[in-house]
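Remarks on the structure that follows.
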Amino acid sequence: MAGKPVLHYWNARGRMECIRWLLAAAGVEFEEKFIEAPADMEKLIKDGSLMFQQVPMVEIDGMKLVQTRAILNYIATKYDLYGKDAKERALIDMYTEGIIDLTDMMLKVVTGFPDQREANISLAKDKAKSRYLPAFEKVLKSHGQDYLVGNRLTRVDIHLLEVLLYVEELDSSILDPFPLLKGLKSRISSLPNVKKFLQPGSQRKPPYDEKIIEKAKKIFKI
Amino acid sequence: MKQTRSKIAFTPESQESLSMTGKPVLHYLNGRGRMESIRWLLAAAGVEFEEKLFENREEFEKLIQGGTLMYGQVPMVEMDGMNLVQTRAILRYIAAKYGLYGRNLEEQAWIDMYVEGLRDLSDMIMFLPLSLPEEKEMNHDYVLHRAMTRFFPVYEKALRDNKQHYLVGNRLSWADVQLLEVILMAEECKASVLSGFPHLQDFKVRTSQIPTINRFLQPGSQRKPPLDAESLGIAKDIFKFEQGMFLKNMSTVVAEY
């Protein structure tokens with residue numbers, strides 16, 4: 001039955017945030033059912049809604065999609081944000097996977113062991129500055145276009161904007177050596193759907209704080 | 001001769017002779033690691049491929065300096081004029097090219113869900129040799145428990161419920177190839193891991209008999225053996241792993257309940 005996609009996750013960024021970004025950028029309205037307590041998670045599992053007993057899960061088009069990448073791929077394909085052919089898709093995938101690796105490093109700051117927090121922050125900043133940001137700056141430099149792939153908006157521009165905002169949260173001057181990335185950040189942020197998502201009151205989730213982390217640990221039994 | 005590629009940012013200026021044959025060229029070390037799923041998929045698709053396997057840190061650094069590795073990492077596959085990196089990007093490209101990615105968006109979604117689950121499990125198995133000695137048994141038990149309670153039941157149910165020989169769309173897909181690969185990896189950890197999963201046992205037998213896959217399973221193919229102490233030492237030297245990486249890498253998996 002057609003209706004809005006329903007996102008099942010806890011009320012935080014985690015692995016669902018990139019999905020929220022992509023839906024928002026595609027102009028797709030969505031609902032959220034937040035997991036607030038272990039019992040909520042147990043119910044989803046008992047109902048057989050979670051293929052691998054994990055979230056994120058997105059109800060969309062009569063399916064209960066799990067696995068972040070599977071969900072992103074579905075949305076990107078459905079809303080024509082995945083390039084025009086196999087080679088564009090390959091570039092999009094290469095760039096997206098690098099972005100996910102960097103995002104995972106930042107997620108580890110939160111989900112990793114507390115005594116490794118500082119080390120994980122350093123690692124994420126380090127890799128951003130030496131590996132990922134230069135790689136994407138180089139892509140933009142190589143073709144001089146406004147978007148990463150195919151001279152039009154695709155999912156990877158959205159993923160990149162999201163991660164650029166995260167690295168800036170770690171270090172506000174981190175983009176200074178990367179003028180083309182700064183340009184992309186500014187351009188993509190101004191797209192109407194993205195601009196709306198960046199406003200207060202949207203479904204975008206804030207940075208983690210101690211309360212959110214504690215709650216997650218309870219729900220996910222860490 | 002300088003080759004020009006308009007949209008591809010990372011083509012090397014000087015092509016080695018191997019890539020002139022038109023076959024994909026795989027760049028990795030001489031072991032399974034993250035390249036093995038790619039070998040499986042190419043083999044299953046009946047695609048011949050070449051390999052340039054580095055033996056030590058110096059050779060790996062030479063590859064990095066060559067500028068063909070977008071993130072300074074392998075796997076890298078030279079294919080169709082591109083230097084593809086990132087395991088999933090490579091797998092997806094191969095699957096789509098050779099008709100192993102479903103016939104429509106819905107089938108693609110099912111394949112993606114299945115392969116992502118298998119990737120989670122195979123990553124866990126892959127990291128087991130990096131356990132600290134005192135964690136080894138605990139990690140081993142944990143992985144097998146996950147395999148038998150979280151992952152295998154999913155695939156057993158899929159095969160049982162759709163009553164077909166394949167996971168998706170009643171024909172061979174990337175998901176089937178990867179399922180066989182992971183079943184065999186799990187059996188190397190514990191030979192009886194499939195007891196209690198009759199459909200998976202059946203699946204294993206049938207899928208192994210597909211000619212391209214059967215060929216890959218024979219001695220002498222490009223399939224790589226499990227890690228032994230010597231190859232683990234080489235991998236650690238090349239990739240600068242530390243012992244104890246199992247738990248460090250598991251933290252994100254543990255966090256997902």
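In what follows, every chain begins at residue 1, and chains take the letters A, B, ... in the order their sequences are listed.
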Under 4.5 Å heavy-atom distance to chain B, tell me which part of [X] shows up: side chain, backbone, both or neither.
X: A:M51; result: both
X: A:N120; result: neither
X: A:K78; result: both

Does a side-chain N-to-carboxylate-O contact under 4.0 Å join [X] and [Y]?
X: B:R119; Y: B:E116; value: no
X: A:E29; Y: A:K4; value: yes
X: A:R152; Y: A:D80; value: yes

(message) Counting the benzene-type ring for Trp, do B:Y155 and B:F203 have ring centres under 6.0 Å apart?
(response)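 They do not qualify: ring centres at least 6.0 Å apart.
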(message) Quick check: B:Y101 with B:W174 (ring centres under 6.0 Å apart)?
(response)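 Yes, the ring centres sit under 6.0 Å apart.
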(request) Heavy-atom pairs under 4.5 Å with chain B are the metric here; pick the option from A:A86, A:S130, A:G98 that has the most. (result)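 Greatest number of close heavy-atom pairs with chain B: A:G98.
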(message) Please rank A:I92, A:D101, A:T96 by heavy-atom pairs under 4.5 Å with chain B and give me the top one.
(response)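 When all of A:I92, A:D101, A:T96 are compared, A:D101 has the most.
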(message) Ring of B:F151, cation from B:R146 - is the NZ or CZ under 6.0 Å from the centre and inside 45° of the axis?
(response)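 No, B:R146 does not sit over the ring of B:F151.
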Considering only heavy atoms, which portion of [X] lies under 4.5 Å from any heavy atom of chain A: side chain, backbone, both, or neither?
X: B:Y93; result: side chain
X: B:Q108; result: side chain
X: B:V85; result: both

